[in-house]
Visitor: 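Please find one structure pasted underneath; my questions will follow.
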Amino acid sequence: MFHREAGTFKTSYAKDMALFPLPIAKGAAAFFLATVAVAIPAAVLTGLMHEYYLTIFTQIFIAIVGALGLNILVGWTGQISIGHAAFMSVGAYTVGNLVTKVPHEIFGGPMPFWLTIPAGGLMAALIGTVVGIPSLRIKGTYLAIATLASQLIIEWIINHTPAISGGAGASIQVPRPTLFGNELKTPMEIYYFTLFFAVVAIVATMNLVRSRIGRAFVAIRDQDIAAEIIGINIFRYKLLSFAISSFYAGVCGVLFAYYSSIANYEAFQINISIDYLAMIIIGGLGSVLGTILGVIFVQLLPVAIREVVTAYGGYVIANPEQMQLDSLLRTLMIWGIPLLVLLAVRRFVSLGFWTRLIVTLLAIVPAAMTALGVLTYLFGSQFANTSALSAMAASLKLIIFGMLIIFFLVVEPEGLARLWRNVRNYFRVWPFSY
Amino acid sequence: MWKSGLKQLAAAAGLLGLMSAGAVAQDKELIIGMQCDRTGPTQIVGTTLCPAYHDYVALINSKGGVEGWKIKVIEIDHEYKVPPAMEAHERFKKEGAIFHSVYGTPQIAALAKKLEEDKMAATSPGFGSAAAADGKRFPYIFPVAATYWSQATVAVQFAKKQLGGNLKGKKIAYIFFDNPAGKEPIGVLEDLAKAEGFQMRTFGVPSPGIEMGAQILDITGRFKPDFVIAHLFGRAPAVAIKELKGKGFPLSKVVGFVWASSEADILAAGGWNIAEGYHTLQYAGVGRDYQVIRDIEAMYKAQNKEIPKQMIDNSVMYNRGIFQAAIQIEAIRLAVVAKKGEKPTGQDVRDAFERVKNFTLGGLAPPLAITPEDHEGGGWVQVWTVKGGKFVKTTDWQQAYRDVIKKHLADEAKK
Amino acid sequence: MLEELSFIVALIMEGASIGLMYSLIALGFVLIYKATDAINFAQGEFVMLAAYGGAVTLAGSLAGTSYGFILAFLAALVLMIGFSFALERTVLRPLLGRPVIAVIMATIGLAAIFRGLPPITVGASTKTVPLPIPDTPIDLWIHRIPAIDLLGVVVTLLSVAVLTWFFRKSRMGVAMRAVADNQQVAMAMGINVERYFAIAWAMAGIIAALGGIIWGSKLGVDTQLALVGLKVFPVVILGGLDSIAGAVVGGLIVGICESLAAGYLDPYVGGGTKDFAPYVIMIIMLMFKPYGLFGKRKIERI
């Protein structure tokens, strides 16, 4: 509806090859960049939004870098890897060692970030190439298991080599990055710092996948034997994919070390690898937008669950009478009867789009209340106090996380990116159907 | 098709709703941010310690709060991971917390710098970096309970007593969980080995520590020590007890550090009769024979609620939760008093911590004396032993080899 | 010298018994892969769930009774079979024919769900599965073995025997092998493929129930028990993803190597080689013989 591809003419090759060829795409990209780079910090500065949310975004930006790397390997090249977190660990310890072991006189302080970040990435890329060597001979499941093993082995090596891990504590203090002599330590400064690298990573990935290398990756993913036959050196490109992916992971690890001021392998264990896999699967394999959406989704999920459980639990604790079955039934009746009447009169699918939307939204309330009522009835004792609630929130997070992964795999294998594309395509030709 | 659009709208609406929500601290309320691990590898601890913490706060609130201020606790489960812990810290800041009760060694390590920047104090009882006992170097971290170094020194002192007062020529095995926390006491132990003349060998058990047959075999079959010092957590202590017993090693020659020492570990090992004779180090009292426990029981009765089973079944962890809450609230109380009833800031609470003295909670807590130099409070531990189906107090609060610890702290400060 | 020898022997025996217990878990994994080509990353969680089923049943008034543990086993069995059926229907069916990573991630998602369930439903404290077996180790000429380990070894060997017989001689077993070999042809021959998928998963559930009772009794039951499932991978890679005999041999090798590594390499490296060794062996195996010692070589079709 806002978006016409007809009527945009390109007058130069450069314009034709631009990352965002259509005006609306350019507009959308600019809008989001502005929101993230200007609107949100402004909201925080004026007090509309608390500084705490900046850290959520910071963690999202850091995760975007890592997830893009993993998506390059898994989504675009089709090589399964469950060892991504280990490369982040390598990056983090690289920066930890560089800033503590390289004499401060050379740079007038610890090694600056514009050197440590590439260094961390390169170190991780090196290790990643080594880990990727088996990918020549083994595929699919076996490769997944091999990367799992490499995750554990790398973790073990870091843990047991004091030269790398900095002693029995296996933690290295990392000072804040400095830009033109100022230390970047407020949440706002770190926010912009990580935002910068996230944007660089996004642009780099967008360019990578439309380049020759990107096309080789996709060819390998689709049918590697055929790719080899048409002349792509799959050994070289598979290793390159591992290397690039690990580079991103290494940079992600460095950023995380700067964010948390510490390099510690316990922050990069196998559960993190699985989190990142979940991010790209939920978001959409082989899609930059999908990666971003997936990261946002997975990072916000625990926060959201906690908020909902606390709010709900607080409500239950404060109003125990409301959660009794009979008051719930009453609510159900008040909401449900009109809906039932409506549905009895006309079939659901024959209603218009907006009517269906409104009906569904309205139906959510009684459905949710019934579900919550049943839950309270079953687990009522668990809401005895706030401490039981946080226990429940944590377990719920695991359950919902698992259910979401399965849901996306079964219902929408191409992830949030596909969902977004459906919405966009719908509105492209709206009010027509096609 | 409309399904997907709906999902998008719902998600967006939900997100916006969440982002604009935010708790507002009510008047006369002091907020403590607490981290916990309820679903991760140390859930065996968190699921008892954290509810106990809440119980103590409820008790204080029911008695009018701290000098008129009610305490509100915000708990966040971080599953023993670091990023959620850091996010929790920011969350606590947002809610206006004046204190941060941290849980977990990697978490406190990651937050050390932030705590200093944000001028918020934190405790790390029974975990964390032993170097943090140095109050000058880590002004915002208070171990408040014996660090692993202190536990190591007391363990050696206890072993010395059990072996007749002299360790020369004896063999001590140190079995530990192979992670930074487990490896921390090794330096101190080696110094003590040189000083006291005993031979020490270390046996690392890799995570998750659910089987250690070969290590135990090595200890009992080859090394054959006179005493075993065990520094294990999670499921590992129970497995160790079972294996040692299975190989016929007398458990009365074994002493476990504070996280290998709860009723849950004994039960998971197969029961009290299997663990008979096992010695444990405790940094808080064990059992229900303390006034504060009786007060909490009374509180539950008054509310017509059942006493939580954990208070009885897992009193070790439960009491530690009480201890943790109590000492933090004591510091807050001192801060409020110093501010003449006004709301203290994080910095005030930190300063108040360094004035905590003689706070023993009727024997539940050791005679801590926290000073600006010593944030550990002296490194006191008790030894409780498994006898006849329960824990029996074997020694009273003791500390040992403080000079060795001071030397290590000084070495750390030089790094 | 004699002491050293007895130490090695003890290490090997210890490793072998633990290794066979790993094989028990690996058997479930192999069953699923053999029959349905699905890689089950949630095998450890299956075992944990079964253990919970047993522990919760035993925690009731049946504790200590002699038939209690049979009931617990039955409870675990019913739970696991039910779960497996439900799983197969809701999760595996829709994912048939999808790339491998989909199934892997689905089982990983499942694992997360299973790990989250127990704390909400039955509480997070560690539970036990008290079996009526002696507490003291049993003397077997050269080695003293804890009773639970002996039980584990016996159960594993029995299961292997039963499964081997099943696949060779019984009608259902042959049908399942046909399905594993070539689904289209099996369907054409009149075999109800879907039913056999369900049966395969149910059988894996039974094996998991056995494993759950044994490991739950040995280690205590809480969500950390699922971590033992990580050991499955070196075992099945060594033995072959679809070979029952391979699961046994792989388990033995992994167990013994772990034991020897812990006994001999640990003092030099300061500990932890136990975890390390199986994965190194696994990587070497992957490089040279990815299909394992007994696995079937997969012919890749374009």
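Here is the naming used below: chain letters follow the sequence lines, and residue numbers restart at 1 for every chain.
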Visitor: Could you tell me which non-hydrogen atom of A/A146 sits nearest to which non-hydrogen atom of C/L286, and how far apart they are?
Guide: CB-CD1, 3.4 Å
Visitor: State the CG-OH distance between A/L152 and C/Y279, to the nearest 0.5 angstrom.
Guide: 5.0 Å
Visitor: Name the region of C/F41, side chain, backbone, both or neither, that has any atom closer than 4.5 Å to a heavy atom of chain A.
Guide: side chain
Visitor: Mind listing the closest non-hydrogen atom pair of A/A144 and C/I104 along with its distance?
Guide: CB-CD1, 4.0 Å
Visitor: If you look at every heavy atom in C/G109 and A/I406, which pair is closest and at what distance?
Guide: C-CD1, 4.2 Å
Visitor: Using a cut-off of under 4.5 Å for heavy-atom pairs, which of A/I157, A/V74, A/I281 has the most such pairs with chain C?
Guide: A/I281
Visitor: Which heavy atom in A/R137 sits nearest to a heavy atom in C/M287, and how many Å separate them?
Guide: NH1-O, 2.8 Å
Visitor: Need one label for C/I39: side chain, backbone, both or neither, based on atoms under 4.5 Å from any heavy atom in chain A.
Guide: side chain
Visitor: In Å, rounded to the nearest 0.5 Å, how long is the span from CG of C/L230 to CG of A/L148?
Guide: 6.0 Å
Visitor: To the nearest 0.5 Å, what is the distance between CD1 (C/I108) and CG (A/L277)?
Guide: 6.0 Å
Visitor: Measuring heavy-atom distances to chain C, does A/L409 have an atom under 4.5 Å in its side chain, in its backbone, in both, or in neither?
Guide: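 Both parts, heavy atoms under 4.5 Å.
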Visitor: Out of A/L143, A/I405, A/I153, A/L136, return the one with the most heavy atom pairs under 4.5 angstrom to chain C.
Guide: A/I153
Visitor: Under 4.5 Å heavy-atom distance to chain C, tell me which part of A/I82 shows up: side chain, backbone, both or neither.
Guide: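 Contact with chain C: side chain only.
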Visitor: Name the member of C/R115, C/M105, C/M282 that forms the most heavy-atom pairs with chain A at distances under 4.5 Å.
Guide: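 Going by pairs under 4.5 Å, I would pick C/M105.
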Visitor: With the side chain counted from C-beta on, respond yes when C/V103 and A/T141 share a heavy-atom pair under 4.5 Å apart, and no when they do not.
Guide: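 Contact flag for C/V103/A/T141 side chains = no.
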